[in-house]
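What follows is a set of notes on a single structure, which appears directly below.
Along the sequence shown, residues are numbered consecutively beginning with 1.
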Amino acid sequence: MAKSSSLNVRVVEGRALPAKDVSGSSDPYCIVKVDDEVVARTATIWRSLSPFWGEEYTVHLPLDFHHLAFYVLDEDTVGHDDIIGKISLSREAITADPRGIDSWINLSRVDPDAEVQGEICLAVQMLEDVRGCCLRCHVLQARDLAPRDISGTSDPFARVFWGSQSLETSTIKKTRFPHWDEVLELREMPGSPSPLRVELWDWDMVGKNDFLGMVEFPPQVLQHNPPNGWFRLQPFPRAEKDSGGSLGALRLKVRLTEDCVLPSQHYQPLRELLMESVLGPAEEDAASPLAVLEELTSGDCRQELATKLVKLFLGQGLTGPFLDYLTRREVARTTDPNTLFRSNSLASKSMEQFMKLVGMPYLHEVLRPVINRVFEERKYMELDPCKMDLGRTRRISFKGAPSEEHVREASLGLLTGYLGPIVDTIVGSVGRCPPTMRLAFKQLRQCVEERFPQAEHEDVKYLAISGFLFLRFFAPAILTPKLFDLRDQHADPQTSRSLLLLAKAVQSIGNLGQQLGQGKELWMAPLHPFLLQSISRVRDFLDQLVDVDGKEEAGGPARALVPPSVTVREGYLLKRKEEPAGLATRFAFKKRYFRLSGETLSYSKSPEWQMRSSIPVSHIRAVERVDEGAFQLPHVMQVVTQDGAGALHTTYLQCKNVNELNQWVSALRKASAPNPDKLASCHPGAFRSGHWTCCLQAERSASGCSRTHSAVTLGDWSDPLDPDAETQMVYRQLLLGRDRLRMKFLEDSNMHTSLEADPEQGSRAMEGACTDAGARQREAAAHLLEVLANLDQAHEEFQQQEQGKVVWGPLRP
């Protein structure tokens, strides 16, 4: 039995943010934290008080997730970034509505006393002697405390309150992981029983001490179940002050998905039904699981369901029949070929997600070189006279104010200079397109040709494929490269406009020129000759693309979306030498080019360098972030490995920014997920000058002072296949339509019974209602309801077992 938890977060936009710069504007960006760990940073939107981000993240979480926080900051070129405000959402607030949160939420001021994090380890005893009742509080240690000093550490001490009495521990300097191991005894005073409160403070030589957090235990707990273990620190109880919108607001979409995944054998009947449904006649189907799902789902749920279904059928080696089933149903319902696959139906979403899951390496190979050129060259391009900035062009050229015609000609040359390589690479990529994609497109074309065989619909067989490949794959990736992992950051406004023009051009090519010269964008006319020349090449490309043999899935059932030998992430990182460096800290890191596959993490001086060192992924025991104070450097992570003799070795790697850090940490954690003997704790600092910088322990072999976070990963196209979790999600969706299916099934059964009771009426209606097809549909519906009932029973039995095990207690070590 396993439990899964994932958080879907979409940072949509902001409004009415306060101006933080002297120009009367701000440069806002948003940081997303899960339980005080930064998991994402949005792009900076320059010079805007109403920024639009539109960034979406999926975070796989541990089961003890507590809260989610969004911080909005103003980026400054010089000095520290200014904090604008924050939004904090508890787990309870997110799960209050099963659909999650989708609304505008006002930003609140950041209160230092509320910015607490970390845990404290206590052992409390209630003792009786001749003098009365005594409370003995053993304050052992704390971990992951908030940094309150400019050095990125704190000087923590604990203060224990019981009734009117209080005692303090000693102060441990310069650490967020203090070890006290002190016993404080307090005597009970006359009066009613009192709660125990333990507060942590950061000692300051000048000014007042800073609050780090607290825990409190009521008298009933002290008497019957004295605290013993790790406990999460809490802020002082106070109502959060609403700024009333004076700090602006964010529009957020947040949904927490938690599920219990049963042992695999429980899902086998439902999987068999799903597989059987794609092998039968698609057009007549009305009661199979896929037909029910198609009718029920909509919106964001449909996209998530499509992803799960595609991954499920990929694992079974049946994506071809699955996509063909949905395609045939969609085509059978379509009367106007101009509307074919234009809606966000389950068929359209499934093909779209299929291309992302299977074709992402192909997309990167085709588009990355030109996308990198656009970002690096940052050329000014504009064809729309209403948007031309002649003054901007003058500042760039220093040759006087150019005419509108001159700007148009220069922009046309630049655009065709980028579009040419894009089209050349696409039409020459037939051999690099994944075989499963080519087979899916071949089936799609055959289905469309059968439905629209007329000569006037000759283009439909091309448009069906190009509508997916160009309009839903290449063009969106050009428009927003970050969302397709082509770039680490979003484009600035000028580059975004260039990408938009390129995406429009690729979209027109994908439409085979049908929309050229129509609509409001007549200013694209100078580009039409190039587009028309490209269309004939694209037709030939599409013909070659579907010229592939084979009716079965290439390679059979897939165990992973990415083969172990394929590189899933690569790029330059700074690697710290194994031996301590005698020079300044920054010179201990050397630039190396890293490649990560399912088998190894290898590195060399450059991508072309033949001499490569490697770390087997099977040796990785932990991948964690490193405190900035360890090397006085930001964005550092550690990869802890274990050799054949059982000794642990740590490699420190520095990334360029927080997003690159998150992506590498997530990729390494997912690659090493199956490894045994994972570490439960590690040191977030480094062993330097004879001690650990995090907890100040002097033994290099001292056990880790912080919990590891191997369960926290970012969801993306390379997530491993998990048939049981995918079938569980399908089961949850089918439950939503169970009552509707049951009513329809019962109504059909009642009608059938009444027809038998009245033979004359039955003979008249026999041809319409009581057909063999109807009987098969009723039988299929009954079978599906039975499978769902069995899964219901299995979940109920599991919940009863879990309830018998639930005991109140502290956090795990």
Side-chain angles (χ1 to χ4, degrees), residues 27-30 40-48 51-57 75 77 356 360-384 387-389 392-393 395-397 407 410-426 429 470 473-507 509 527 567 569-574 591 593-595 606-607 635 655-664 667 716-717:
D27 307 313
Y29 66 93
C30 189
R41 180 203 190 274
T42 68
T44 300
I45 308 299
W46 303 100
R47 300 180 297 279
S48 176
F52 179 85
W53 289 289
E55 297 196 25
E56 190 168 356
Y57 313 95
E75 183 167 338
T77 306
K356 290 180 180 179
M360 199 65 81
Y362 165 63
L363 177 82
H364 291 174
E365 191 176 357
V366 169
L367 294 181
R368 180 167 274 154
V370 176
I371 295 297
N372 287 341
R373 271 187 57 205
V374 175
F375 272 79
E376 291 161 6
E377 295 174 1
R378 298 188 70 249
K379 300 289 187 180
Y380 178 77
M381 295 182 286
E382 186 55 73
L383 295 179
D384 186 354
K387 295 183 180 294
M388 281 187 186
D389 186 353
R392 181 186 185 90
T393 311
R395 291 194 296 272
I396 294 173
S397 65
V407 174
S411 299
L412 183 61
L414 290 170
L415 280 169
T416 54
Y418 291 125
L419 281 171
I422 289 177
V423 175
D424 290 344
T425 308
I426 290 175
S429 67
F470 283 79
F473 199 44
F474 289 140
I478 293 171
L479 183 62
T480 52
K482 182 177 184 291
L483 300 186
F484 287 78
D485 206 22
L486 286 165
R487 297 288 297 187
D488 292 331
Q489 297 288 336
H490 279 298
D492 58 53
Q494 178 178 315
T495 307
S496 292
R497 180 62 183 172
S498 301
L499 294 173
L500 176 61
L501 294 173
L502 290 172
K504 285 179 178 293
V506 170
Q507 213 169 19
I509 294 173
L527 204 57
T567 300
R569 188 150 196 89
E570 60 184 311
Y572 279 104
L573 299 173
L574 296 179
K591 190 175 183 179
Y593 193 85
F594 280 79
R595 285 188 175 94
S606 68
H635 318 311
C655 303
K656 290 182 295 186
N657 52 58
V658 67
N659 278 340
E660 186 180 65
L661 173 65
N662 289 331
Q663 289 158 3
W664 271 103
D716 59 22
W717 61 273

Seminar exercise, completed: Rounding to 0.5 Å, atoms CZ (Phe470) and CD1 (Ile478) come to a distance of 9.5 Å
Seminar exercise, completed: When every non-hydrogen atom of Met360 is compared with those of Phe473, the smallest separation belongs to N-CZ, 4.4 Å
For this session: Please report the closest heavy-atom contact between Ile509 and Val423, naming both atoms and the distance.
Result: CD1-CG2, 3.8 Å
For this session: Starting from the C-alpha separation in whole Å, work towards a yes-or-no answer on side chain to side chain contact (heavy atoms under 4.5 Å, CB included) for Val370 and Thr425.
Result: CA-CA 10 Å; Val370 176; Thr425 308; 5.6 Å; no
Problem set entry | Whether over 12 other heavy atoms sit under 6.0 Å from Lys482 NZ | yes
For this session: Kindly compute the distance separating CG (Leu573) from CH2 (Trp664), expressed to the nearest 0.5 Å.
Result: 5.0 Å
Exercise. How far apart are the closest heavy atoms of Leu501 and Leu383, and which atoms are they?
Worked result: CD1-N, 4.5 Å
For this session: Give the intermediate values and the outcome of side chain to side chain contact (heavy atoms under 4.5 Å, CB included) for residues Phe52 and Ile45.
Result: CA-CA 8 Å; Phe52 179 85; Ile45 308 299; over 6 Å; no
Exercise. Do you see a donor-acceptor pair shorter than 3.5 Å between the side chains of Tyr380 and Gln494?
Worked result: no
Problem set entry | Non-hydrogen side-chain atoms of Phe484 and Leu367 separated by less than 4.5 Å | no
Exercise. Is the backbone of Gly413 close enough, under 3.5 Å, to the side chain of Thr416 for a donor and an acceptor to pair up by distance?
Worked result: yes
Seminar exercise, completed: dist Leu483:CG -> Tyr57:OH (nearest 0.5 Å) comes out at 8.5 Å
Exercise. Just wondering, do Arg368 and Leu363 contact through their side chains at under 4.5 Å, heavy atoms?
Worked result: no
Exercise. Side chains of Arg595 and Pro607: does their closest heavy-atom pair fall under 4.5 Å?
Worked result: yes
Seminar exercise, completed: Value for CG (Leu499) from NZ (Lys504), rounded to nearest 0.5 Å, stands at 13.0 Å
Exercise. Where do Pro28 and Ser48 come nearest, in terms of heavy atoms and distance?
Worked result: CD-O, 3.3 Å
For this session: Take Arg569 and Phe594 through the test side chain to side chain contact (heavy atoms under 4.5 Å, CB included) and record every step on the way to the result.
Result: CA-CA 8 Å; Arg569 188 150 196 89; Phe594 280 79; over 6 Å; no
Seminar exercise, completed: Heavy-atom closest pair (Asp27 atom, Thr44 atom, distance to 0.1 Å) is O-CG2, 3.5 Å
For this session: State the CG-CZ distance between Leu502 and Arg497, to the nearest 0.5 angstrom.
Result: 11.0 Å
Exercise. Going through the distances and angles, do Leu574 and Lys656 end up as a side chain to side chain contact (heavy atoms under 4.5 Å, CB included)?
Worked result: CA-CA 9 Å; Leu574 296 179; Lys656 290 182 295 186; over 6 Å; no
Problem set entry | Pairwise distance CD1(Ile371) to NE2(His364) - rounded to 0.5 angstrom | 10.5 Å
Exercise. Just checking, any donor-acceptor pair under 3.5 angstrom between side chains of Thr42 and Glu55?
Worked result: no
Exercise. Looking only at heavy atoms, which two atoms of His635 and Asn657 are closest? And how far apart?
Worked result: CD2-CA, 3.6 Å
Exercise. With a distance cut-off below 6.0 Å to the six-membered ring centre and an angular limit of 45° from the axis, does Arg373 pair with Tyr418 as a cation-pi contact?
Worked result: no
